[in-house]
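Worksheet: one structure, shown below.
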Amino acid sequence: MNLRAPRGTRDILPPASEVWNYVESKIKEIYKKRNFKEIRTPLFEETELFVRGVGGTTDIVEKEMYTFNDKGGRSITLRPEGTAPVVRSYLEHKLYGQSQPFKLFYFGPMFRYERPQAGRYRQHYQTGVEVIGGDTPFIDAEVITLGIDILREFKMEDWVLHLNSIGCRKCRPVFIEELKSFFKKEPVCGECSERIDRNPLRVLDCKNKECADIKQKAPRIIDFLCPTCSEHFSEVQELLEEREIPFSIDPTLVRGLDYYTRTAFEIKTRELGAQDTVLGGGRYDGLAEELGGPRAPGMGFGMGLDRFILMFEKKQMELSGNDPLDVYLVAIGGKPVQKESWKKLNMIRRAGFSADMDLLMRSPKNQMKAANRIGARFTVIIGENELEQGVVQLKDMDEGTQNEIEIDQLIQVLKKKTGEVK
Ligand code: ATP
Ligand code: MG
């Protein structure tokens, strides 16, 4: 067969999928402890949402979107990012009418037509948060520290938090004009020279070598911030200092999406090579209005789960993604024993234990091998004799013991041994 997963996509198979589940559920716990609630939006949206929300001159919209017409002739786009859909949903359901701010989190695949390489895929996975309906610096600090808390919870210490403020509708235009006249005099790359007039901020985000050097000398937006933005930015920094979170001010950090205002941040790690940003986000005070809604300032981040998990692989860190089974059941005998064993399997499961048995009904020897390979805490063996006498053999792998137990007592014994009943 020569059918393969499409270029830039990949299958996540067991045991890797166990690690993914473990990582996702642990992150979910961290969110919940901070009173964030889950939102699930569609995998595709009307194209216009991203053109208006992300911005027509961004790399995402200009080059990376999976856009097609559906059978009804509507222009549809597979979501390339999570913020615009969340804000669309917030507006559509008039969540601004409820108590503010909304603290939301999401998990799911994003689609971008990019050149695939390690840590860069056409379908990648993100988790992210959005706090909508407030613009205090506490919200910025809450979002940024949450990102750091996730890294710390997973014992990742080798990161740098890059921080910038990109101003607001009042102060940014002055800076943009400065930036335009600066770049016009510099030998920027072909692509950038075309977009200087339309969106000079994008040049700061350009990854080509010639632009990377030039942007170091470019005017710095923090020198142009209005008093309100400037105060906001200082307060965010103070709050981070209070939480003892080190950061580095990066005046070239503008992020790849047009909707950002004021705080922008990225967390980079040395573990990842070229694709070194695990998490990025910022404040988007104008996005809701851009989408036709009332003013609803917000702040969020998106974290690349593929890259996050790659970091553990690179460090060869074991994530305990694999929860061992409680019970593996071995059935020795013909059909009647197998059927009866299958009933017992369900009894064990109903009692709340994780349990499995060989569904291919292989030889006893192979079933015992499977039990060892799977590494269940207990092996329960049922043969013809046991069935007749209403007993089972219970092997406790931790203790290295084997005992005959009345079938009616099995659940109670298992509970006692696992400490559920003292
Ligand atoms: P980059 O500069 O690496 O292209 P970005 O600024 O386009 O990243 P965001 O839009 O901020 O990325 O997305 C949030 C996070 O999602 C990134 O920090 C990264 O970890 C991850 N990410 C983005 N694009 C991809 C991709 N194509 N494959 C894997 N992860 C990705
Ligand atoms: Mg990108």
Side-chain angles (χ1 to χ4, degrees), residues 5-10 12 20 23-24 27 50 53-55 57-66 77-87 105-130 143-144 146-148 150-151 154 156 159-164 166 191 201-208 211-212 215 250 252-260 263-284 287 298-314:
R7 187 168 150 73
T9 70
R10 63 209 177 115
I12 298 169
W20 278 74
V23 167
E24 287 170 347
I27 296 176
F50 300 111
V54 177
T57 53
T58 58
D59 275 356
I60 291 185
V61 172
E62 280 188 338
K63 299 189 267 186
E64 298 174 358
M65 293 206 307
Y66 278 89
T77 293
L78 301 185
R79 67 175 183 203
E81 60 96 47
T83 304
V86 170
V87 174
F105 72 83
Y106 61 82
F107 284 85
M110 305 293 163
F111 306 87
R112 297 184 189 182
Y113 190 75
E114 302 206 65
R115 196 166 67 79
Q117 49 202 292
R120 194 173 288 286
Y121 310 98
R122 291 184 174 172
Q123 171 170 334
H124 72 277
Y125 294 82
Q126 282 188 26
T127 178
V129 299
E130 313 293 348
V143 167
I144 298 172
L146 172 50
I148 306 285
I150 294 175
L151 295 174
F154 283 88
M156 305 295 314
W159 46 260
V160 180
L161 166 61
H162 295 258
L163 193 64
N164 196 19
I166 56 173
E191 202 182 320
L201 278 184
R202 293 277 69 80
V203 187
L204 292 178
D205 197 39
C206 178
K207 296 197 170 62
N208 292 334
C211 295
K215 69 186 181 190
D250 179 352
T252 65
L253 174 69
V254 291
R255 313 269 306 120
L257 305 94
D258 273 356
Y259 51 60
Y260 285 108
T263 313
F265 76 103
E266 275 182 358
I267 299 176
K268 293 184 194 262
T269 160
R270 279 179 286 263
E271 316 280 345
L272 279 176
Q275 278 22 276
D276 59 355
T277 312
V278 248
L279 193 158
R283 176 161 279 292
Y284 44 86
L287 178 57
M299 164 90 192
F301 69 66
M303 171 170 147
L305 284 168
D306 309 78
R307 291 183 195 176
F308 189 65
I309 288 168
L310 204 62
M311 276 189 329
F312 296 104
E313 287 166 13
K314 290 227 166 153

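Just follow the structure's listing: the first ligand is 1, and inside any ligand the first atom is 1. What you see is a predicted model; the values in this text were computed from it and never measured. In this chain, numbering begins with 1 at the start of the sequence shown.
- Under the 3.5 Å distance criterion, with hydrogens and angles disregarded, a donor-acceptor pair is assigned to the side chains of Glu130 and Thr83.
- Of the candidates Met110, Arg112, Glu81, it is Arg112 that places a heavy atom closest to atom 9 (P) of ligand 1.
- Considering backbone and side-chain N/O of Glu266, none are found under 3.5 Å from N/O of ligand 1.
- Less than 4.0 angstrom separates some heavy atom of Val278 from each of these atoms of ligand 1: 18 (O), 20 (O).
- Looking at Tyr125, Tyr121, Phe308, it is Tyr121 that brings a heavy atom closest to atom 28 (N) of ligand 1.
- Contacts between Asp59 and ligand 1, counted as non-hydrogen atom pairs separated by less than 4.0 Å, are absent for every part of the residue.
- Residues satisfying the ring pair (Phe, Tyr, Trp, His ring centres under 6.0 Å) test with Trp20, not counting sequence neighbours, are Tyr125.
- Within the 3.5 Å criterion, the main-chain N or O of Val160 finds no donor-acceptor partner in the side chain of Lys268.
- For the pair Arg79 and Phe50, the cation-pi criterion (under 6.0 Å, within 45° of the ring axis) is not fulfilled.
- Remark: the backbone N or O of Ala84 is paired with a side-chain donor or acceptor of Glu81 at under 3.5 angstrom.
- Two residues are said to be in side-chain contact when any heavy atoms from C-beta on lie closer than 4.5 Å; Thr269 and Met311 meet this criterion.
- Listed by number with element, the atoms of ligand 1 under 4.0 angstrom from any heavy atom of Glu114 are 24 (N), 25 (C), 26 (C), 27 (N).
- The shortest N or O to N or O distance between Met303 and ligand 1 is not under 3.5 Å.
- Taking a cut-off of under 4.0 Å to the non-hydrogen atoms of Gly304, the atoms of ligand 1 that pass are 15 (C), 16 (O), 20 (O), 21 (C).
- Partners of Thr57 by side chain to side chain contact (heavy atoms under 4.5 Å, CB included), not counting sequence neighbours, listed by chain and number: Glu62, Arg198, Asn199, Asp258.
- Atoms of ligand 1 lying under 4.0 Å from any heavy atom of Gly302, numbered from 1 in the order shown and given with element: 14 (C), 15 (C).
- Using modelled atom types, one side-chain atom of Arg122 and one backbone atom of Glu114 make a donor-acceptor pair closer than 3.5 Å.
- For Gln126, every heavy-atom contact with ligand 1 shorter than 4.0 Å involves the side chain, none the backbone.
- When heavy-atom distances to ligand 1 are checked against a 4.0 Å cut-off, Arg120 comes that close through both its backbone and its side chain.
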